[in-house]
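Step one of this worksheet: look at the structure below.
These numbers come from the heavy atoms of this one structure, side chains and all, not from hydrogens, waters or symmetry mates.
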Protein chains: 2
Amino acid sequence: MQENARFSGKAATRRTDIRRENERLILTAAEKVFAEAGFGGATMQLIADMAGLPKANLHYYFATKEDLYRRVVQEIFEIWLDAAASFDAASTPAEGIGAYIEAKMAISRRHPHGSKVWAAEVMQGAPVIQDYLETTLRDWTDNRARVIQGWIDAGQMAPVNPRHLLYMLWATTQHYADFGHQIETLNGGAPLSDRQWQEASETVKTIILRGVGLG
Amino acid sequence: MQENARFSGKAATRRTDIRRENERLILTAAEKVFAEAGFGGATMQLIADMAGLPKANLHYYFATKEDLYRRVVQEIFEIWLDAAASFDAASTPAEGIGAYIEAKMAISRRHPHGSKVWAAEVMQGAPVIQDYLETTLRDWTDNRARVIQGWIDAGQMAPVNPRHLLYMLWATTQHYADFGHQIETLNGGAPLSDRQWQEASETVKTIILRGVGLG
DNA sequence: CCACAAGCTGACCATTTGGTCAAATGAAAT
DNA sequence: ATTTCATTTGACCAAATGGTCAGCTTGTGG
């Protein structure tokens with residue numbers, strides 16, 4: 001009874017559980033508020049209300065608003081990095097690019113808030129995650145660009161600038177998260193259905209794969 | 001001497017010139033500040049400083065921060081609508097889509113701030129321009145989707161969902177403005193050169209045109 | 001059961017910010 | 001020249017906000 005003290009829907013009692021769950025509660029609320037209001041427009045009070053906690057409690061777990069924000073940005077970044085696995089695991093260009101598009105589309109659907117927070121952060125010049133861009137993201141990009149160039153050199157796909165291809169992949173997939181509201185409005189005010197998400201994913205995949213000579 | 005009282009680099013003296021020039025000064029500063037800080041992070045003081053005017057003067061020309069913001073968003077929207085001309089004027093799908101991509105890429109380069117402001121506005125649920133989405137943008141989109149569908153029905157291009165194709169065009173072109181900072185970082189910290197912009201435009205055009213069977 | 005540490009929170013504060021206003025200045029019509 | 005109205009701006013204010021803190025409650029190891 002010492003392990004796994006929590007079950008059912010009851011709140012956690014163990015110290016470690018309390019911390020972990022409250023941090024999760026706060027991070028989830030923060031992700032949404034930062035996405036909907038931007039860093040400047042978000043208020044700790046709003047995040048607290050959404051998390052169902054007193055504002056002072058937020059500052060117990062996260063010293064400053066910026067600390068909280070940084071954590072939110074880091075999380076979506078790590079989720080995206082994981083999606084690279086689908087790219088790397090592939091044995092053919094079509095498979096790799098196709099799987100990557102599907103993975104990123106799935107993330108856009110599941111983590112639209114995080115995607116927006118990242119987008120806003122980058123749009124504002126990446127004031128808090130510039131180092132990530134210069135280290136992790138740069139390495140990631142260089143490596144994948146090299147892989148793509150290898151495919152091109154081997155005659156496995158059409159010769160296109162690998163970097164711009166990567167930008168296209170990011171742009172098209174993240175667009176469904178970042179501009180989800182616009183898409184929803186143009187869809188008659190309704191969120192895309194399962195079927196429509198499938199169609200979006202297929203269309204992006206079809207056009208890009210055929211676009212790089214893999215159709 | 002009553003007409004055209006202004007010349008050289010001197011400040012305007014005529015009433016109408018004063019108003020027009022100060023509004024332009026403020027709007028240009030506001031566009032940049034809103035893009036770099038978001039609506040919530042932007043302050044009237046910052047905009048005033050950048051425009052070189054006292055804050056109270058801003059409120060003389062624009063009653064509220066939101067009024068000023070709305071004008072900035074409207075401007076980029078109109079610039080984009082104008083780009084539709086290149087789409088409509090074309091006689092073939094390849095020409096229309098190609099010209100539209102080039103026009104939108106040019107706008108991304110020339111008006112990166114406006115693009116970012118629009119992106120942030122949409123990401124936050126379009127609180128101030130929702131009506132534009134539901135009227136002007138919806139009509140625009142419906143019409144172009146119909147044109148594209150016509151091309152498909154006539155066997156002039158591959159069958160792809162016209163709406164998702166439009167989203168791809170928006171996503172890929174605007175990405176170069178909205179994520180310009182990220183691209184610049186991945187480019188070794190330097191902005192894209194003329195040549196690189198050209199290459200970006202060509203790559204996007206090549207992949208998408210070939211992707212819809214127009215390669 | 002006790003003592004200590006972790007977790008919680010209402011009340012409070014200094015600062016920032018959007019917006020106001022009255023008085024001053026400048027342009028231009030009569 | 002005089003009047004009128006647009007323009008300018010320093011000073012000011014009420015509200016909001018990030019953050020602090022002292023004191024309280026609760027979990028937990030001994």
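Rounded to an integer number of Å, the gap from Ile18(B) CD1 to dC5(D) C1' is 13 Å. Protein atom NZ of Lys65(A) is 9 Å distant from nucleotide atom P of dT17(D), rounded to whole Å. Atom CD of Glu21(A) and atom P of dC8(C) are 11 Å apart (whole Å). Rounded to an integer number of Å, the gap from Asp17(B) CG to dG26(C) P is 19 Å. Asn22(A) has its CG atom 13 Å from the C1' atom of dT9(C), to the nearest Å.
The phosphate of dT7(D) (OP1 or OP2) has a side-chain N or O of Arg19(B) nearer than 4.0 angstrom.
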Could you walk me through whether Ile97(A) and Trp151(A) satisfy the side-chain contact (heavy atoms from CB on, under 4.5 Å) test, starting with their C-alpha distance in whole Å, then the side-chain angles of each, then the deciding distance to 0.1 Å, before giving a yes or no? CA-CA 11 Å; Ile97(A) 295 172; Trp151(A) 288 336; 4.2 Å; yes
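When atom types are taken as modelled, the side chain of Thr203(B) and the backbone of Glu199(B) share a donor-acceptor pair closer than 3.5 angstrom.
Aromatic ring centres of Phe77(A) and Trp80(A) lie farther apart than the 6.0 Å criterion allows.
For the segment residues 33-61 of chain B, the set of residues with a heavy atom within less than 4.0 Å of an atom of DNA chain D comprises Pro54(B), Ala56(B), Asn57(B), Tyr60(B), Tyr61(B), in numerical order.
For the side chain to side chain donor-acceptor pair (under 3.5 Å) test, no residue two or more places apart in sequence or in another chain qualifies with Glu78(A). For Glu31(A), there are no side chain to side chain donor-acceptor pair (under 3.5 Å) partners two or more places apart in sequence or in a different chain.
Taking all atoms of both residues into account, the shortest heavy-atom contact from Glu66(B) to Val128(B) is OE2-CG1, 4.0 Å.
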